[in-house]
Amino acid sequence: MRLLEYKGKELLNRYGVKIPRGAIVTRVEDINILSTLKFPLFAKSQVPFAGRAKMGLVRRVDTLKDAENAARDYLGRVIQDYPIRKVLFEEGVNVAKELYVSITLDRENRGYLMLASTEGGVDIEEVARKSPEKIIRLYIDDYEGLRDYMIRGVAQKLGLEGSAARDFVTVAKAMYRVFTEYDAELVEINPLALTTDGQLVALDVKVMIDDNSLYRHPDISVEDSDYTMEELEARKYGLHYVELTGYVGIMANGAGLTMATMDLVKEFGHEPADFLDVGGGASKDSVREGLKILLTDDRIKAVLINIFGGITRCDEVAKGVVEALNEVKTNKPIFIRLKGTNEEEGRKILAEVGLKTYETAEEAMDALSKTIKTLQG
Amino acid sequence: MTILINENTKVIVQGITGREGSRHTQYMLQYGTKILAGVTPGKGGQNVQGVPVFDTVEEALRKFPDINTSIVFVPAQFAADSVYEAIDAGIKLIVIITEHIPIHDALRFVNYAKRRGVTIIGPNCPGIVSPLKSKVGILPNHIYTKSGPVGIVSRSGTLTYEISYHLTQAGIGQSTVVGIGGDPIIGTDMIEVVRMFEEDPETKYIVVIGEIGGTMEERVAQYIGSGKVTKPVVAYIAGRTAPPGKRMGHAGAIVSMGMGSYESKVKAFQEVNVPVARTPTEVVKLIKKFMP
């Protein structure tokens with residue numbers, strides 16, 4: 001999950017990275033905590049996506065009154081399903097140069113990778129595409145770790161000298177500590193400002209933490225992440241749900257099979273309404289909750305369920321389907337392909353409520369396709 | 001011949017007393033897998049499906065020194081510890097079924113295993129089956145009823161069953177089927193398995209099942225293009241219609257920066273004359289074209 005900017009900054013600052021002086025405001029009544037800061041300040045809405053400035057979610061405030069207005073304006077607004085709960089107010093910094101630096105996983109080499117560039121503050125992917133020579137790459141072995149000399153080499157390539165070069169060692173080591181201690185998939189500072197008085201200050205940061213490790217990071221709250229309420233609800237049942245734009249509801253088990261099912265819907269000339277993966281070892285509860293999402297979605301005209309059970313048992317899936325149909329009244333046609341572990345028991349359970357099952361996904365999709373044609377007349 | 005496992009594979013099940021561990025011990029035994037022991041700390045002395053349970057891997061190996069393979073069902077929070085235990089006990093092949101293992105844990109134990117010459121399959125994978133010989137995994141037994149000339153390597157569990165099923169239905173058996181797992185960091189990648197199939201005399205054709213995200217399929221294509229693979233290869237890539245930038249379940253299935261997209265993978269395969277099936281069933285047709 002992606003952490004909000006302020007939370008990422010807090011983690012990096014704890015290990016020695018300088019950040020602008022500032023404060024977090026969660027309620028308009030608390031605005032007076034800004035009185036010790038030096039105006040003008042920058043009000044930054046804490047939303048977990050890029051392009052905040054363009055969306056009008058960052059603004060300069062010159063007085064406490066201005067700040068109060070900004071807080072009132074931002075707090076509680078919902079942007080892309082995400083409610084703004086916090087606003088970060090920060091002092092300005094005199095920037096001489098903007099750098100880019102990040103640490104990420106190197107999947108191919110099974111290690112870590114530090115990326116750095118003198119072209120900070122802009123879209124780094126664009127820089128990587130147009131002038132790859134401007135990206136400095138440093139491979140880090142997970143066992144040997146990040147050594148000072150390696151960081152000094154990167155600092156030199158960035159053109160940093162004197163105290164700034166020494167500060168860069170501190171910054172890189174702090175990033176590495178956050179990366180390894182917090183099970184991060186990405187720790188990025190962009191831009192890392194070199195100020196006119198020669199200091200390095202993190203102006204914006206992005207930290208992504210491996211969802212699977214959250215149990216051992218009690219100080220990381222999902223409130224500080226990019227998950228929306230719907231996604232959090234889906235996660236409780238082990239569902240992976242992504243809304244798409246079509247009208248054929250899809251539920252399958254396993255990311256690969258779910259994507260293949262989407263592809264099949266397209267192959268038949270129809271449009272998938274969603275990606276819903278009930279996961280490995282899906283229980284009847286996750287199937288029931290997943291199917292309820294699809295049955296209550298007005299965009300969906302028909303549902304295609306494609307299950308190939310390994311660790312998932314077809315009888316559990318069938319029970320979940322029956323429970324969902326008992327809870328939600330629907331006239332949406334449902335086409336079920338059920339194969340794998342305990343498929344006989346599963347078929348029996350569905351047959352009892354009059355639901356037919358298909359041998360292959362193609363047969364189920366073919367039947368669905370014909371039905372939709374009839375519906376459309 | 002098969003790769004990785006065969007009828008002489010002797011297995012220990014780590015996490016044997018858990019729900020999935022005990023259930024799949026039963027299924028593997030039914031398939032004919034030789035399971036000699038199981039491990040769950042604190043449950044030593046019990047037995048599951050007639051298999052004796054020990055507190056430690058070392059203790060089980062003292063009793064059954066022939067054990068050469070482990071399958072791990074231990075819950076994610078404790079899985080890394082179990083993998084280190086198996087490596088340190090001297091087991092040379094470890095199949096990790098457990099999903100949701102933290103990526104940093106996986107990265108560390110995968111590298112540790114490499115330094116010790118241990119092969120890891122997974123994590124978050126369905127395991128391995130050599131039809132009619134042995135199964136170290138959770139693949140459904142009744143799909144794997146015919147041994148034959150096709151070797152399958154796949155990043156996806158359920159899609160592997162799907163494609164194996166269609167091959168068997170068409171009368172085409174498999175030599176070995178390997179699910180390598182869908183996580184960003186895995187112990188054995190596609191190239192390594194393709195290399196094993198190339199060297200395996202029983203395998204005549206190779207099926208590569210990939211999905212969007214990462215660059216593994218592109219690297220396999222490069223490897224094939226370098227002339228090191230003489231056997232015919234057919235590919236299938238899931239995610240043709242996935243919108244870019246959306247996370248599709250697997251931590252691995254993320255499209256970014258143009259790399260790892262469906263188009264990039266298909267192009268890479270086509271450039272080295274590997275046909276790419278549009279649907280799982282089309283894999284069968286493409287394999288048949290290579291057959292005499």
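Reminder, nothing fancy here: chain letters follow the sequence lines and each chain counts from 1. Being a predicted model, the structure only gives us computed values, none of them experimental. Quick note: numbers below take in every heavy atom, side chains included, and nothing from hydrogens, waters or symmetry partners.
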Enquirer: Quick check for you: among A/E108, A/K266, A/E343, which has the greatest number of heavy-atom pairs under 4.5 Å with chain B?
Expert: A/E108

Enquirer: At a heavy-atom separation under 4.5 Å, does B/T279 approach chain A through its side chain, its backbone, both, or neither?
Expert: side chain

Enquirer: Non-hydrogen atoms of chain B under 4.5 Å away: do they reach the side chain of A/D141, the backbone, both or neither?
Expert: neither

Enquirer: Chain B: which of A/L257, A/N212, A/N306 shares the most heavy-atom pairs with it under 4.5 Å?
Expert: A/N212

Enquirer: Please classify the contact between B/I101 and chain A as side chain, backbone, both or neither, with a heavy-atom cut-off of under 4.5 Å.
Expert: backbone

Enquirer: Could you check if a side-chain atom of A/M259 sits within less than 4.5 angstrom of a side-chain atom of B/I237, using non-hydrogen atoms only?
Expert: no

Enquirer: Quick one: CZ on B/R23 to CZ on A/R313, what's the gap to the nearest 0.5 Å?
Expert: 3.5 Å

Enquirer: Side chain, backbone, both or neither: which part of B/Y165 has an atom under 4.5 Å from a heavy atom of chain A?
Expert: side chain

Enquirer: Between B/E162 and A/K339, does the salt bridge (charged side-chain N to carboxylate O under 4.0 Å, His left out) criterion hold? Intermediate values first, please.
Expert: CA-CA 9 Å; B/E162 179 80 283; A/K339 202 78 207 154; over 6 Å; no

Enquirer: Using non-hydrogen atoms and a 4.5 Å limit, figure out which bit of A/T245 sits close to chain B: side chain, backbone, both or neither.
Expert: neither

Enquirer: What distance do B/T215 atom OG1 and A/R107 atom CZ have between them, rounded to the nearest 0.5 Å?
Expert: 7.5 Å

Enquirer: So what's closer than 4.5 Å to chain A heavy atoms on B/E20: side chain, backbone, both or neither?
Expert: side chain

Enquirer: When rounded to the nearest 0.5 angstrom, what is the spacing between CZ in B/R108 and CG in A/D142?
Expert: 7.0 Å

Enquirer: Taking B/R278 for the side chain and A/L264 for the main chain, is one N or O donor matched with an acceptor at less than 3.5 Å?
Expert: no

Enquirer: Count the heavy-atom pairs under 4.5 Å between each of A/S213, A/A260, A/G279, A/G111 and chain B, then report the option with the highest count.
Expert: A/A260

Enquirer: Under 4.5 Å heavy-atom distance to chain A, tell me which part of B/I143 shows up: side chain, backbone, both or neither.
Expert: side chain

Enquirer: Contact part of A/E271 toward chain B, heavy-atom cut-off under 4.5 Å: side chain, backbone, both or neither?
Expert: neither

Enquirer: Do any N or O atoms from the side chain of B/T158 and from the backbone of A/N253 form a donor-acceptor pair under 3.5 angstrom?
Expert: yes

Enquirer: What distance do B/L107 atom CG and A/Y143 atom OH have between them, rounded to the nearest 0.5 Å?
Expert: 14.0 Å

Enquirer: What do you reckon, are the aromatic ring centroids of A/Y182 and B/H104 less than 6.0 Å apart?
Expert: no

Enquirer: Name the region of B/Q169, side chain, backbone, both or neither, that has any atom closer than 4.5 Å to a heavy atom of chain A.
Expert: neither

Enquirer: To the nearest 0.5 angstrom, please state how far the NZ atom of B/K114 sits from the CZ atom of A/R110.
Expert: 4.0 Å

Enquirer: For B/D189, is it the side chain, the backbone, both or neither that has a heavy atom under 4.5 Å from a heavy atom of chain A?
Expert: both

Enquirer: To the nearest 0.5 Å, what is the distance between CD1 on A/I307 and OH on B/Y161?
Expert: 12.5 Å

Enquirer: Go through the atoms of B/H100 and report whether side chain, backbone, both or neither lie under 4.5 Å from a heavy atom of chain A.
Expert: both

Enquirer: Identify which of A/V265, A/D183, A/T258 forms the greatest number of heavy-atom pairs closer than 4.5 Å to chain B.
Expert: A/D183

